[in-house]
Structures are given as structure tokens and as C-alpha cells.
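Notes follow the structure.
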Amino acid sequence: MMNELLDLLLGDTITRFVFFPSFAAFPLLFLGRASARTVKLYALFVALVEFALIALFTASHWGGGTMVARDATLTWLDFGSLRVLYEVGVDGISLPLVLLTGLLLPLVILGSWRGITKHWTGFAASMLFLTTGMLGALVALDLLVFYVFWEVMLIPMYVIIGIWGGDRRVYAAVKFFLFTMAGSLLMLLGILWMAWTYGKLTGVWSFRYEDLLQLQFPLDQQLWLFAAFALAFAIKVPMFPFHTWLPDAHVEAPTGGSVILAGVLLKLGTYGFLRFAIPFFPQAATQLAPWVVGLALVGVIYGALVAWAQTDMKKLVAYSSIAHLGFVMLGLFAFNEIAWQGALLQMVNHGLSTGALFLLVGMLYDRRHTKKFEDFGGLAKTIPWFALMLVFATLASVGLPALNGFVGEFMILIGAWQGGLRWATGIATFGVVLAAVYLLKMLQETIWGPIRKDENRSLKDLSLREVATLLPLCILMLWIGVAPGRFLEPSRPALTSVLATYRAQMSAGPPEAVTLSRAIMTAAPAPTFVAGSPAAGSGSSR
Amino acid sequence: MNPIFALAQADWLSLLPELVLTGVASVILLLEAFTPRLRPAFNGLALAGVVAASVILAQQPMGLFFHGLIESTALTGAFSQIILLATAIGLLSAQGYLKRERLLFGEYPALLLWCSTGLLLLIRGVELVTIFVALELLSVALYGLAAFHRRESVSSEAAIKYFLMGALVSSFVLYGAALVYGETGSTTITGISAALAAGTGSPGLIFLGFLLLVCGFGFKLGLVPFHAWAPDVYQGAPSPFVAFLSVAPKAASAVVLARLVILVASAPTAGDWTKLVSVLAIASMLVGNLFALAQRDIKRMLAYSGIAHMGYLLIPLASPGESSWRPMLVYLVSYTLMNGGAFVLVSMLYAKPGEQHAIANLSGWAFRFPVAAACMAVCMLSLGGIPPTAGFVAKYLVFAHAIQNGNLALALVGIFASLIGVVFYLRVIYMLYMRDEISSPGGLKLDLSGQLAAVLAAVGTVVLGAFPGPFLAWLEAALATL
Amino acid sequence: MSALDYLWLIPALPFLGAAVNGLLVRNRHKSLATAIGVGAPGLSLLVALACLVEFIARPGHTPYEQLLYPWTAGALKIDIAFLLDPLSAVMLFVVTFVGFLIHVYSVGYMAHEEGYRRYFSYLNLFMGAMLLLILGDNYLVMFVGWEGVGLCSYLLIGFYFDQDFPPQAGRKAFIVNRIGDFAFLVGLFAIFSQFGTLNFKGVNSAILADVGALEAPFALGLSLASFIALFLFIGAMGKSAQIPLYVWLPDAMAGPTPVSALIHAATMVTAGVYMVVRTNLIYQLAPSIMLFVAIVGAATAIFAATIGIAQNDIKKVLAYSTVSQLGYMFLAAGVGAYVAAIFHLATHAFFKALLFLGSGSVIHAMGGEQDMRKMGGLRKHLPWTYRTFLVGTLAISGVPLLAGFFSKDAILGSAFEKSPVLWIIGLATAALTACYMLRVVFLTFFGKFRGTHEQEHHLHESPGVMVVPLVILAAGAAFAGYAGKIPFTHFDWLGGFLSSVIVAIPGHEAHAAHHGIGLEAMLVGASIAAATAGLGLAWWLWGRNLGTYSDAMLARRAPGLYRLVENKYFVDEIYDRFVVRPLRSLARFCWKVIDSVFIDGGLHVLAFITELAGDLGRFSTTGNVRQYALYFFAGVLVLFWWMIL
Amino acid sequence: MTIPIVWYLVLAAVLFCIGTFGALTRRSGIAIFLSIELMLNAANLTLVAYSRIHGNSAGQMFVFFALAVAAAEAAVGLGLFISIYRLRHTIDINRLNRLRW
Amino acid sequence: MLLTVFFLLAIAAVGSAIVVVLHRNPVVSTMSLVVTLVATAGLFIMLGSPFLAALQILLYTGAILVLFLFVIMLLNVQRERTTATRLSGMLVGAGICAVVFAGVLVRLFWAAYADTAVKPLEADSVSLVVIARELFSTYILPFEMIGLLLLVAVVAASWVAQRAEPGESAGTPDSMAEPANSPDPAAPARQEGRR
């Protein structure tokens, strides 16, 4: 057991890059007295190493296939009839998001360089633990382990918002925590229920993704379970009625927090739909799709409108996230390949562009300690490079062709249209117009026009560090926008197989009673990861 | 021949842990009497005794002893270890407090050890008389300990309240025991279950008898509606003692409660025990969390949260059976760690005994006492049942048991209750970390042993939560002998 | 080893230039900026010419496709590819040629601007996007260019970003365009979901393979063809400033004048026309939409022309004139005269660019003054500008033997076939056009100078770098017409050249535009008459009594009408009142009421209730033991009662 | 004739309830404690009666221990009363409510 | 004959019990509790366990209640103003509960044992010998525990009842060495506990 664990940690495995950050966080305990600079450098170093680990891993698995790598499974907990496996794997669906997480971490550290003024050790530690949580949730192949990571994310985020946040930070932090918790607790019940059902059928509980994937519930149960899962994910995304935690969290959170929040945490909601809610309960998902799509559309339009009404830069960007993720949800519930590809890509895109926007807002905040529009205007005159970056990121977020945002939206919309959601597509497309409306408003209020405040005349332009923070994002935005093909490849097999199973199960229809459906699994290429010995899995990762 | 010699060697051997504890206690009392200079060492001595006891406990012979009055099984062994753990926590946290309050006398460790003796016997007792006497033994010790800060009127007030309630309840227990004995003609668990199986006695009286017993031990657990004493006593009594009081007696009482419920529920008799336990559990979870939400005094808050946790603990008993033991056991282990740890920290951070332990006093101390604050945060998160802490593992097992036995409603209530719970647990954290100081700790120094206890508790909580595998596997192996 | 292999260089070079100028070059390296900024489009012009030569040499002008790389992976198969066929060839020539000239002109015009480098990088970016638009092999690439030019127009209109108005004008332009793009996108979705491809050739062949599919009813009570055509046309409306989406173009004049010449006269705004012609196959299957296009075009033409009369800002006049000319082109497209539309597009590119640049030269000389009421008598100060401007005016007015004459004639001819009403409108527009253009000439170049003294003192002809392009464009404006249909003859090079693009569908042939000599004479005569009428009216109003400025008299004659026209029919105000403000208040409502009050408020109430429950409940712990005892006792009894009875 | 055993039980029950009533209604701590002793006594009576029914000694043993327990409780309880009286100069339960809510 | 004795004892027990509960003066209450206990002792005898009766009188009346009286005197507790306190809801609640509980019990007992006749007492049905043997064989463990319990009780009682030592209120714990201050009563109790 223990030496297995060591093997996982030291070998070239997923577990390594999942847990490396939290292990690397321990030395921080002894850096308590060290100067902030040392801590920053250490954190940056760790972040870069982490990124290197992930990059290497990704590079060696970009090829694709339904399952690109998995780790040896350990028993996390085995008590009575309940056993939970620690089992992680990466496939085309999680790979891009993993990479995104790895990319954002160093940028976040860099971006917080000046913004975070106190307790750097704590901040760095929280960030690193948060990273472990996010990566873990992305790679977990056992639902309870997934849930654990899912919850683990909350604590560091709560701390980050609560300690380093703005004036109403505590309110925002608690709100964030409670919203997410409220959703996920029901999901926990759902998970337990599924595991128990599996136990009823086979004699032993199982939380393994593949095992539970075999379960076929009758429609009524599906609806309940789907609701339980969907609530958790919808709050995370966030979808329309559950979104109010997001603006508060974003506005109060420090730059780094916002970037991670927008960049990765929200994606876990959509990822959850794609990974769990839809494959587990295809019929329910299909039956409730109109509602979900409806909410997604409300999100698109509503988010855009509210963003338009904002007077605070960061809040505007926050609401824009709601609109953008509305697109993703639309794509997910169009149930076809193009839309799913687009949705997955759009998750990454949003991470990049919104991340960049938050970083920029943060940089402005570092200089002026305000985010209100009325304090800005005409900045392009004094800090042209900042203006350039802001325009770039904004346009990417607007969905200008040849930048990343467009690709995702285009694929989502065209896929949704093909999926028969014509009206929805039309409405969503109109959301694109609104995106231009509110984002250009931001440019108008901040960088264009005459300089209204004298403080703005003597601003320093972006430092080398800040440029270094933004450049990778900008390059990626352009690259994905111009040649997205490369980025779509790895996810394709996984998506298609999930889709195939979905279609097969739809055609089969819901069973009368709960069944283990091996039949369908054999009929269609299962979305399950390549069966076979863990050794083979980790072997493929070398 | 004199029947006293009819006792085999084995009987006394099986009693060894209790004897060790009692012996050490008596020795401490003697030392107190004759060499008071050693007072600072008494707690250490007691701790050594506890360790010795737990080591001995580890290789206890299994079976029934003393003419079937007490048993010793893997389960009782495990629960007994919990008691000893709690005792250790109580001792470690006491050192600093007693020194500060100039109460460093031998009586504290002595009473504590005697109390745990009683607890061990309570856990092992399988006969009503033994159980009753053991209950009284530990209760009397607890009354004394509650009033231990004898210059502090709130301490005595707490003790009085605890005593009056306790005495009343023990008379109820006695009456219940009388009914049970009367209806079944036996005082041993085995005899009773046999009689129940045979269907002797009037079901009404049997039910009433068991009800009185269950309520009696429910009182010790602090289940709603028998809970009202807890907040007052916790608030008034010396904090290190509360670290013990909030944990150990509950573990023991839970065992007896479980014994009784499992016993009676398995028999064909009146009363719907699932319903009864569910009602108690739901009431405790909701009331505990709701009232705790309104508390600004951390000790009262923790008292109510303890009430709520006893509600969670009860969930597996809603469908009584051998399978109920495991989740309860794990839950108690984690509860001991997290709640004990929390009270240890309270006893360290609130230098001034008395009525008020406002949570707000902790504002911004996180960066003054980083270690203590971190431990407190961990304990709070664990109490809130947030992974990766022991609290989550425990809740997970409990809910899983509930779902397994179709008590979905219980699980749902539990979940919503714990959602409420998160609020006030987080409140402590944000006071510590996210507020600016409003009261300076002055010359407050955290004593080493207390910090040791806190750190051990916190680390245990996290380890048990993050890597429950090894521990649970070991436990499983131990229980396999059942 | 043919020049066509380097087709991709044509858009690539300007992009490169933009990148280098924008990111690497420093402000102070002005000459370097110039070299790159002008060199890039110059090179791409050379490449383009080479390609054109080679293409025209190709037998039958077979389209040349160049695949760069597949854009996406998966079910959505779209390539980044270029297409050179007659249509894009014509556009390519116009864009590169006029574009290059305007770049050259800008060197002089922008010489003293501080944003010199930035300006050229924007302009190059625009060139690149525009070329992407016209060279795209499929609708997606076209759309990329389509939005790209939109972006550049946003940036260039807002070029003087440190003033209040220009950036706002730019935003207006971008957003209005976005509304069009939204429709465009929907059209694309419909196309893709029907044909599974966005490739022009693929779509066309699919259509021809199964015409019935497109005439099948689809949505909104339209057939598929009509649906697609309608939405694409809405897109075109946005880009090409047709009613009701034209409002951004006049404001766009906030940008530097060469920008207006390049983007808002010669190239970008004509993209809509190009797109309609490009999809003519679908339009042919949607007669109702064709009619709609024609009507919108005609309406825009006359509408804008009337506004043009009453404007005093020289650039505003030209802007509205542009709108109206674009209306002309759509009229042509609407009546099925796609060749005429492209023809007019080309000629218009020349003379409108010429006019804008000329006005630019005037403004340059006037030191930024754009109000014609402060000009006058510039003839002697700016001789070259005057001459070239006059050529442009006559050309646009449709004076015989100049470019405008031929293209307008072609349009009017086909309009007449479709419906005399459209023809009449066309004629009226022509007359008005001639009128307000000549008005500009009179007000600007004749009479005596009405500006301030130091303005008069600084009056001077523009430098050669600005004049030479004017001359070249003047030549173009004069003779470009001879490429197209010449009345009374059968010569129609352009028609022949484009014939492969305008595909006739079996069963849908528009009966050949062939009418007798008499009718043709009547038509030509009518258009000439219209032109002369317009010119005469202008002379009568402004030319007779030179120097005295006589709009006031007009205003006195018909005050209401004049105010209406002068304020552009209050369209902006109407939009503001009925679209913008309601939306804005809706937004505020969503934020302040739904978010803050309903959702958050509800949650807060919930939280408060919970807190309250706990806070009231805790008083049950009164601190009196006997009560606790009672709880215990009562609890026991209640439980007993409940469980037993 | 012998007295029906049920009478003993009923008598015990009545005594027990009287004790309970007292425990709930008296104000003086000592008086409450007296009532509790009364309850214990009632319980003892029940035990003896039952052991009479069963004819085995377990009940009586129980009573024996109960008496001892009562003694111990009395010792501690009275000690507590003394200490609280020393600190508060009252043993009136209504006044001993500084710990509440 | 027996019947009358029983009734006398029962009436005495109940009557005095009521006095215990209701009388304002704790001394009176205590004395009447004595009566109850004695009466109960009588009932014990009638039930054939004279040993317990003796124990009852010795331990309870002889020791415990004397202790009570002693404490009452010590604290000179005044007579309560009224047993019915300010919150008379208590009174009602307690009354209802008590009556209901009594009703329940009586009903159950009656239903179960109305016609249970016990066989008359033999000489040594439950004799002292039996009790003694039981006590030292079967119940040896609880017996030891009782010893410990008493020890604990004495220690606890002495700790709480004792005045705070000088060292407690002032000076460090180490400063007070003389054993005189340490609670002494433990010693004899310890003897008893170990036996």
C-alpha cells in the first residue's frame, strides 16, 4: 500500500502532478519567517515545476484515444461493504482542462505578485492546495474521491477570498462556500445512492466511474439523480438562478482567486455535466434538456444585460462569465459532436480570455486601487501596452474571429443548430451581439476617451513581469483562434465515444427497473477507459 | 470453600486496565497527600497510566468475565481505546489550565482516571447492576470534576445542574432497570434477550423500561429533548474537563444505548424503535445546529454542535443491528479527535474562566497563534464534515449506512442540518483568519502539552480524513473477530 | 511555379506589416513605419497583379483554389483556403489598387499625426482582413475577414481615441455591424446544416444538385433559400449601411479621411454587395427576397440622397452619398443585375475614393475644417484637388462617358426591366446625387473664401504624395467605365468575365437583358436628363449667385422639411428612444431587482429565518434546571405516548 | 391471605411519581434532591416487589447497590450544595441561572 | 391483619411522601422522608427481605438523611417562599406529567399483574446467606465498584466542599507543601475502598 503510494508519487503518473503542489506546500510552513520575496519565488518555482510536470504529461499523451492514461488504483477506504478506490485517469475530456490548470497556476502566482501584500505563505499554500483539489477533481475516476476533491477545492478558495479579498470578502466567501456546499451535499447523496444500487445488484458497493456507468436507472430515478447532480454542477457553472454567488466572489476575491475561479472552478461545473450527469442519466438529461437549455439562454442574455449595467470593471467581467458559460451549457445539451467539441474548447477559451481579463483588471487595481469605471478613461494614452492587452483579451472574449472565443462559440452554435435547437441558437447568437455591447462599453469607459482623472496621467505601463504574465495567454488565444484543429484533436475520441454510448442508450430507452447494462456497453464503444491492468495504464503514460 | 476464590485468574486479568487506572489514581492521591511537590508531575503520571492501560487493553483476553457481568470483545476494546484517548486529551489540556488557575492538585487526574475506569466498565458491562453502578461511578466523578474550579461560581453552578439532572435521570434509569428486570426476570443482557425472545412479560412495561433506560443514556449523550443541561455545563465547567466530558461519557453511553436498542429491537416487543431513534436523531440534528447557529459563546456553540453530532451518531441505530457498530465507532473516533481538539484549543485560548467565551475574542489571532489557529480551523472543518477530514469520513459512513437501510429521510435531514452547521463552524474560522484583532491576547501563552494535544488531534483528524484506508483496514481486521 | 501559388501572400503581407508596425516598430522610427506600412500593401498589390495576369490568362478563367490548412478537426470540416475566381479577381484588383493608393496618400495626410505608426498598422490590418474576405474560399473565411474589417473600422474610426466622439462612433459602428453579423451567422448555420459544408463550390453544386430542397418551406414561413438569403442580406445591410442599419456610417466619418475613403467608401462597405453577388445562386431561388433587396436598396438610395443635400459637413455629404450609392448597388443586385452591381461597385470605388481623398486634401489645407460653410473659392488655392474632385463629381453624377454613367446606366436599365417604379426612384436618386455633389463643388471651390484669415493664409495645395493618388484615381474614375457594358454596343467585358460566377439555374433563367435600340435610347436619355437636371438644380440653387451661401433660403422655403432632412430624419434619436434606452433600463432592472432583490433577497430572508429560529429557540435553555428536568420527563412521556399509542 | 403483589407495584409507581413531581416543582436544591431520594426509594420498592415475584435474589442485590449509590450521590450532592452556597449564598435553583441561553 | 398493616404502611408512605414534596420547610420534608423510608422498610419486610429493610433504616435514615439534616442546618436554608414558583407553568406541567405517568404505570401494572398471586414465603426463600453468597460471588465486581464509588464520592465531595486553599488564591501551587492542606478524608475511605 505505502510503497504503491510512493511509486505513484515518484513515478511519471497523474498522481504525481496532482499531489506535487500540496507536498510542495509543506515547506511553506517553515518559510513563515522568511521574506515575502523568498516565498513568492519559491511559490513561483513550485508552480513552474508543476506546469512542467503537467506539460510533459500532456505532451506525451496529446495523441488522444478514449483514455490516455490512468494510474494504479489504491484502496482509499474499505470498511464493511463500502469500499472506495483511489483511481485517477485522464482522457481527452479532462486533458485540456488539466493543461489549462497547470498553465494558470504560475500565471496566477505572477499576477498576484504585487496584489497580495500580506501572509504570502498562506496565499501560496492555499493556491497550491487549491491546485491539487482542482486537478484531483478533474482526474478522479471514483465518484467519492471526486467528491472529496470537489469539496477540498472549497476551503482554499474560501480562505483566499476571505483573507485577501475586498471589503465584503467575508460575505462573499461564505456565500460562495454555502452555495457550492448546498449543491454538492445533494450530489453526495446521489453518489451514495448509485453506489448502493450497484451494491444491490452486484453485492458490493462501488464508486468506480466505470462501474456506475453500467447502471441503467428507470426514468423516475434518473430524474431525481440527475437533479441532484445537476444542481451541484449548475451552481458551480453557474446557471441562471444560482449565479448570484459569482459576482460577489469575483469582485471580492483577489486577482489570483478570480483567475482560478473563472479559469478552472467554473469549468468543473460544465465538466461535471459532460463527465457525469449526462453519461449517467442520458434519458433524464434529454428529457430535461429543454429546461437546461432555457436556463442557459437566460444566462446568455441575462448575464450580458446585467454585465452591461455594471459600473465596476470586475463585476462586468464576472457577469460576462455567466453569459459565456451559458454558451457552453447550450453546447453540452445539444448532444452532438460539433457542439461538444465547441463546448469543451469554449471551457478552455473562457479560462484563457476571462483569466487574462481578470489579470488585467488586477493590474489596473494594483495601480489605482479601484475598479470603478468612473475613475478611468483615456488610459490608452498613458499605458498603451496595457490598453493593447486589454483590447486583445476583450476582443477574444467578444468572440472575434481569428481569436479563440469565436471558434468555441461558432462550433457550439453551429452544433446546436444542427442538433435542432434552432430557436435557442438564434437567441444565443444574439447574445454575441450583446457581448460586443458590454465589453466594448468596458473599453470605452476605461481606455478610450479623454483622461478624466489626473491620477491616471502618471500611471506606469505594464512591467516585464506583467507582460510575461499575459503573453502566454495572448499567444494561446491567437493560436487557438487561427488554428484550433490541433486543440480539438485529443478530445475527439473521448467525446465521440461518450456520444456513441449516449445515442445507444437513448435508442435502447430507459429500463423498467435498475439494470446493469453490459449489453449496451458492448453494442457501442464504451466511454469507459481502456480496461486492463493499471500497469498497462501507467505504462502507456511513459 | 469461600466463593470469592471461585473467581479465576482470567477475571482479574481482564480487569487489568481498570485496575491500572484506579491504582494510578490512588497513588496520585497518596502522593498528593504526602509529597505535594510532585504536583506538576501528576498529570504526566496519570498520562503514563493511561498509556499503560491502553497498551494492556490492546491484548485483552476476549470473552465474558465475572460471572458474565462484563464482557470484553474487539468492540469494547476499540471503544475503550476511545475513552483512553479522550482521557489523555483531558489530561494534556489540563496541565496548562490548572497551572494558570493554580488548581494543580492531584484530585483532578485522580478523578479523571476514576471516571474513565467507570467508563470502561460501563462499556464492558453486560448486566444491569454493573451498568448502573458503573454509570454512577463515572457520574459522581464527573460531578466532582465539573465543580473542580471551586473558586469559580459558574463552575459550581454547572456542577449543581449536572448533578441534579444526573441524579434525577439515574433514578429514572434505576426504575427502568427495575421494570426490565421485573418483566424479564433477569438482569443480564443474555438473560433479558432470551426472555424477550420467549415473549415473557408485558410488552408495555418492557417498552417503558427500555424507554427509560434509553432516555437515561440519551441524557448522557445529550440528545434532544434531554440535552438542555449540556450547554450550561459545558459553559461553566473547566474547559479541559469539558474536552473530556464532551467526548468520553458520550462514547460509553453510546455503546450502552446501542446495546439496549439492538437488544430490544431484535426482540418481538412493543414499540417502533426505528421511529423512536429517528425522531431523536432528527430532533438532535436540527435543534443542535439551529441553536448553535445563534450562539456567540464558543463553548455553548460547541455544546450544541455536540448535540447535533450525537444526532448524526444515532443515525445508524435507526436500523439497529450488528452493522450499526462500525459507523458509530468511526464516528466516535473522529468526533473524539475533532471535538476534543476544539475544546483543548478553547481551554488554551480563553485564559479567563467564567461565563463568557465570545467567539469574537479570537478575531485575528490566526497570525498570532498560527499553529493553534490552524488546528482550530481543522477541527472546525472536520466538525462541519468537510473533506479531507475525519468528520467527512465519519459522516460518509453514517449516511451510507442510512442509505443502505433505506433511511433516506434521515440522510436528507442530516445533510441539510450539516449545511446549517457549516455556517457557524466557518464563523470561527473567519473570526480567526479574516477579522482584525478586537481584543489582544495580552500575555497569553499557549502551554506545550496543550498544543501537543491540539496538534495531535488536528493531525489525526486530517490523516484519518485524507488516508482513512490503513486505519479503517486495521479496525476492520480488529472487528473481524466479532 | 506560378504566381498563383503565392496567392496566400496577398493577405499575409499586410497582416505581417500590421504586426511588425504594431508591436515592434517604435513611434520615433517614422520612416521605417512608412516603409513597412506602405511597402506591405504595395508588395501584395504586386503579387495580386501577377496573380491577376496569370488568372486572366487561364483558359475559361477556371477558379483557382488554394488550401492552406484544415481549420477544425472532427465533424465540422472547414478549411482555411483561398479562391481566385472572376468575382474575387475584380474585387482583388479594386481593393489592392485603391487600397495601395490610399496608403500612399495617407503618408502625406497623416504625416503630422502622433499615431502615425499605429495608423498604418491598423490600415494594414484592414487590408489583410479585407483581402481575406474577398479571397476566402468558404463562408467561414469570408466571415473571418468580414468581422476583421469590422474590427479595423472600429479601431480606425476611433483612431482619435483621446477625444470623446470618435471611440463612441467606432463602438456604434462595431455594434451595428454585429447585429448584421448575427444574421449572417444564422444564415451560415442554416447553410451548413443544409449542405454540411460552407465551401462556395460545395454549396453551389449541392444547390444545383437538388433545387427542390431549397424551395421547401423551412422556418418563419420562408423557404430555405429565402431564409438563408434574408439573413445573409441582413448581414449585408449591416456591413453596407442599408436602411435601417446605415446609422453608423455617417458617424464613421469621425475617423481620418483616408480611412473613410478606403473603408467607408471603396472597400469594406461594399463587402455586402460582394457577398450577395457571391451567393447569387441562393438569391435567384428566393425571388421574394430579391424584391426585398431591391426595395431596400432603392429606398436607401433615395433616402440617403435627400439627406445628403442638407449636410454642411463635406465628409457627411460624401458619407450619405456613399450610403445612397450602396443602395444603388443593392438595387442592382435585387433586380438580378449582379454584374451591374459589381460594375458599379468598382467604378464607385474609384470615384468615391477620389472624392473622399479630395475632400481630405481640402480638409488638410483648411487645417482640419470640415464645414463647407467656412470654405469657398478654394479653386485657385488647390488647383489639382479641384480638378480631380470635379472629375469625381461628374463621374458620380453620371455625366456621359465617365465611369459613373456606364455603371448607373446598366443598373437603371435592369431596374426598368424589373419595375418602372424602381427605375423612377433610381433616376430621382441620380438627379439628387448630381445635385448635392455639385453643391459641394460650388460651396467648396467657388465663390469667395468664408473661413478665418489664418486659415486663408495657410491654404496650400497638398504635397505630391497626396496629389498623385488623386490623379491616378481621377483617371480611374474617368475610364473605369469602359470595362463594363457600353450602351448601344454589345461590348461588355466585365459581364463576360463574370459570367461564370453568375450561374443560371435550369428553370430559373432571368430572361436575357436584351431590348431594342429605341428603348435603350430612351433609358440612356432619361439618365442623362436626370443628371443634367440635378446639375442644373444645383447650379440654380448654389451656382448662380456664387459666394452667397443659400441654404438659408431653402430653410426659409420649407422649414419643416429642411429641419427633418438636416437632422437625418431623427433616425438616431428614434433608435435611442426606442431601442437603446429600453434595453438599458431592462438591464438595470435585471441587475437591481431580479438579482439583488429577488434572488439574493430571497436567500437572505431564508438565512434570516434560520438565524431567527435558532436565536429564539435558544431561549428554551432558560438556565433553570427544573425546566430541563421537565423537558426530560415530558420527553419520555411524549415518546412513550407516540410509540405505543 | 397474601397481599396482591400488584399493590406494591402500584404503590411504588405512585411514590415515584410523587417524587418526580417534587423534583420538578421544588425550588430549593436540597428539597429537589430529597424528592429524588424518594424516587430512588420507590424504584427500590419496585425491585423488591419484582424479586418477590420472580423469587430470585437479583432484585434485592440491585436494591443493595442502589442504596450504596444513593449514599455516594448524597455525599457528592451535599458537598456541591455547600460549595455553591459558599459562592452564591443560595441554593435556590431559580437563582442559579447565570449559565443560560 | 397483614392487609391492615400494608395499608397503614402504604398510607404512611404516600402521605409522608406528599409532605416531603409539598412542605416548604426542608427540615420537615426530611423528617417526613424518614417516615416514608421507614414505611418502605416495613414493606420490604413484608416482601420477605428483612436484610434490605435493616439496611434501608441504617443507611438511609441513619446516615444519609442525617447528612441531609446536617447540611440543611449548616446552610440554614430558609423555608421556600412557595413551592409554586413564579413560573407556575412548571407546576402545571409537572403535575400533568406526574399524573399521566402514574396513570400509565398503574394501568400497565394492573393489566399485567392484577391476578398474579405469589406463592407464600418459605423460610429461606431469600435469606441473608443467599444474599451474602451472591454478593461475594456473582456480584463481587459491582461490590468492588461500590467501594471505588464511595472513595470517589468522598474525594469529590471533600474537594468541592472544602474552602479554597491559600495556595489556590495566591502564590504558586508549589509554594504550599504542608500535607495538612491536602484533603485528608480520603484516607479512611481508601481503606474501605480497598477492603
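Side chains are part of it too, since the values below use all heavy atoms of this structure and drop only hydrogens, waters and symmetry mates. We name chains A, B, ... by the order of the sequence lines, and we start the count at 1 in each one.
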Modelled atom types, side-chain donor and acceptor of B:S186 and B:T184, under 3.5 Å: no
Side chain / backbone / both / neither for B:E127 at chain E, heavy atoms under 4.5 Å: side chain
Proximity breakdown for B:V133 and chain E, heavy-atom pairs closer than 4.5 Å: both
Which portion of B:S139 sits near chain E, non-hydrogen atoms under 4.5 angstrom: neither
Under 4.5 Å from any heavy atom of chain E - which part of B:L179: side chain
Validation row: B:W114, B:S26 side chains within 4.5 angstrom (heavy atoms): yes
Under 4.5 Å from any heavy atom of chain E - which part of B:L38: neither
Residue B:Y175 versus chain E: region with a heavy atom under 4.5 Å: side chain
Donor-acceptor pair between B:S14 and B:S72 side chains, under 3.5 angstrom: no
For chain E, the option from B:T117, B:V140, B:L138, B:L145 that forms the most heavy-atom pairs under 4.5 Å: B:V140
Side chain, backbone, both or neither of B:A134 within contact of chain E (heavy atoms, under 4.5 Å): both
Proximity of B:F65 and B:W12 rings by center, below 6.0 Å: no
Within the 6.0 Å centroid threshold, strictly below: B:F241 and B:F148: no
Side chain / backbone / both / neither for B:L208 at chain E, heavy atoms under 4.5 Å: side chain
Under 4.5 Å from a heavy atom of chain E, the part of B:T35 involved: neither
Selection residues 50-60 of chain E - residue pairs positive for side-chain hydrogen bond (donor to acceptor under 3.5 Å, both in side chains), sequence neighbours left out: D:E37-E:Y60, D:N41-E:Q56
ring-ring contact (aromatic ring centres under 6.0 Å, His included) against E:F109, all qualifying residues, sequence neighbours excluded: none
Taking every non-hydrogen atom, the tightest pair across E:S16 and E:S32: CB-O, 3.3 Å
Interface moiety of B:L15 toward chain E, non-hydrogen atoms closer than 4.5 Å: side chain
